[in-house]
Amino acid sequence: MKIAAVSEDGNSIAQHFGRAPLYVVVTVDSGEVVGRETRSKAGHHDYAGADPGPDAKHRAMAAPIGDCRVLLAGGMGRGAFLALQAAGIEPVLTDEVSIEVAALRYAAGSLPNLAGRVHEHHQHGADSEH
């Protein structure tokens, strides 16, 4: 099973989906991490100037992980959450910091989804997490 996580440093799960520049994709098989790769992720910082709108941005952010079943993040906006679901990717919000620990816990069915971390409010400017 391929599990993606948003990350700023390639090792830990980022708290802000929209700001994170990386996806770390781990492959879990039989309770072990058997593969790991880093992929570039579009972020809100990539859309200065011509803004295609939130739906197009969220689709572009989901595209690089279309082969993954789940995305781990510390938090995200409702628009991103719904766009991931629409792309067939389960967004799981967690307070676990380690990507590999969280992926193994998810695969084992022991990682709670803290869905209450979905942001309802709208922020403005380039710092928006939606």
Side-chain angles (χ1 to χ4, degrees):
M1 159 189 339
K2 285 191 177 182
I3 299 170
V6 291
S7 184
E8 293 180 14
D9 62 8
N11 294 306
S12 58
I13 297 173
Q15 292 302 304
H16 303 285
F17 172 76
R19 295 179 193 163
L22 302 172
Y23 288 119
V24 175
V25 177
V26 294
T27 303
V28 176
D29 186 26
S30 301
E32 293 183 21
V33 173
V34 295
R36 178 186 174 100
E37 63 182 292
T38 301
R39 302 178 186 176
S40 294
K41 176 191 156 293
H44 292 291
H45 56 278
D46 292 319
Y47 296 102
D51 189 330
D55 291 340
K57 286 194 281 192
H58 294 144
R59 280 193 303 275
M61 287 183 198
I65 55 167
D67 59 333
C68 297
R69 179 168 148 183
V70 64
L71 171 75
L72 306 172
M76 69 179 61
R78 177 156 300 283
F81 191 88
L82 295 174
L84 287 163
Q85 288 180 324
I89 301 167
E90 178 188 2
V92 174
L93 304 184
T94 181
D95 56 6
E96 176 59 60
V97 175
S98 167
I99 292 169
E100 292 192 10
V101 169
L104 290 170
R105 286 183 63 198
Y106 175 84
S110 65
L111 184 71
N113 189 350
L114 306 178
R117 289 183 170 212
V118 173
H119 309 301
E120 296 290 344
H121 59 82
H122 291 282
Q123 296 181 357
H124 57 279
D127 289 334
S128 175
E129 295 172 28
H130 301 279

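Residue numbers start at 1 and run along the sequence shown. All values below come from the heavy atoms of this structure, side chains included, with hydrogens, waters and symmetry mates left out.
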Participant: With sequence neighbours left out, write down each residue that passes side-chain hydrogen bond (donor to acceptor under 3.5 Å, both in side chains) with Q85, or none if nothing qualifies.
Facilitator: none

Participant: For S7 and A20, which heavy atoms make the closest approach, and how far apart are they?
Facilitator: O-CB, 3.7 Å

Participant: In the hydrophobic clustering (ILVMFWY, side-chain contacts below 4.5 Å, transitive), which residues join L22, or is it alone?
Facilitator: none

Participant: Where do V28 and L104 come nearest, in terms of heavy atoms and distance?
Facilitator: CG1-CD2, 3.9 Å

Participant: Can you tell if the side chain of N11 reaches within under 4.5 Å of the side chain of I99, non-hydrogen atoms only?
Facilitator: no

Participant: With sequence neighbours left out, write down each residue that passes side-chain hydrogen bond (donor to acceptor under 3.5 Å, both in side chains) with N113, or none if nothing qualifies.
Facilitator: none

Participant: If you look only at pairs with a residue in residues 96-115, which of them pass as a salt bridge (charged side-chain N to carboxylate O under 4.0 Å, His left out), with sequence neighbours excluded?
Facilitator: R36-E100, E96-R105

Participant: Going by the rule side-chain hydrogen bond (donor to acceptor under 3.5 Å, both in side chains), which residues pair with R69 if we only count those two or more places apart in sequence or in a different chain?
Facilitator: none

Participant: When clusters are formed from ILVMFWY side-chain contacts under 4.5 Å, directly or step by step, what else is grouped with V97?
Facilitator: none

Participant: Applying the 4.5 Å side-chain criterion to the ILVMFWY set and letting contacts propagate, would L111 and V25 be lumped into a single cluster?
Facilitator: no

Participant: Between G75 and H119, which heavy-atom pair has the shortest distance, and what is it?
Facilitator: C-NE2, 4.0 Å

Participant: Kindly determine whether D95 and L114 satisfy side-chain contact (heavy atoms from CB on, under 4.5 Å), including the steps that lead there.
Facilitator: CA-CA 8 Å; D95 56 6; L114 306 178; 3.9 Å; yes

Participant: Are any side-chain N or O atoms of K2 and backbone N or O atoms of I65, one a donor and one an acceptor, separated by less than 3.5 Å?
Facilitator: no

Participant: Any idea which heavy atoms bring S110 and P112 closest together, and the distance?
Facilitator: O-CD, 3.5 Å

Participant: Can you get from Y23 to V70 by hopping between Ile, Leu, Val, Met, Phe, Trp and Tyr side chains that sit under 4.5 Å apart?
Facilitator: no

Participant: Only counting residues at least two apart or in another chain, list the ones meeting salt bridge (charged side-chain N to carboxylate O under 4.0 Å, His left out) with R39.
Facilitator: E37, D67

Participant: Are F81 and M61 grouped together when hydrophobic residues (ILVMFWY) are joined by side-chain heavy atoms under 4.5 angstrom apart?
Facilitator: yes

Participant: Identify the two heavy atoms, one from I13 and one from A5, that lie closest to each other, and give their separation to 0.1 Å.
Facilitator: CG1-CB, 4.2 Å

Participant: With clusters defined by side-chain heavy atoms of hydrophobic residues (ILVMFWY) lying less than 4.5 Å apart, directly or transitively, does V101 cluster with V33?
Facilitator: no

Participant: Report yes or no: do I89 and V118 belong to one cluster of Ile/Leu/Val/Met/Phe/Trp/Tyr joined by side chain heavy-atom distances under 4.5 Å?
Facilitator: yes

Participant: Can you name the residues that form a salt bridge (charged side-chain N to carboxylate O under 4.0 Å, His left out) with D29, not counting sequence neighbours?
Facilitator: none

Participant: Tell me which pairs pass salt bridge (charged side-chain N to carboxylate O under 4.0 Å, His left out) where either residue lies in residues 4-16, with sequence neighbours left out.
Facilitator: none

Participant: Among all residues two or more places apart in sequence or in another chain, which pass the side-chain hydrogen bond (donor to acceptor under 3.5 Å, both in side chains) test with Y106?
Facilitator: E90

Participant: What heavy-atom pair brings L84 and L71 nearest, and what distance separates the two atoms?
Facilitator: CD1-CD2, 3.4 Å

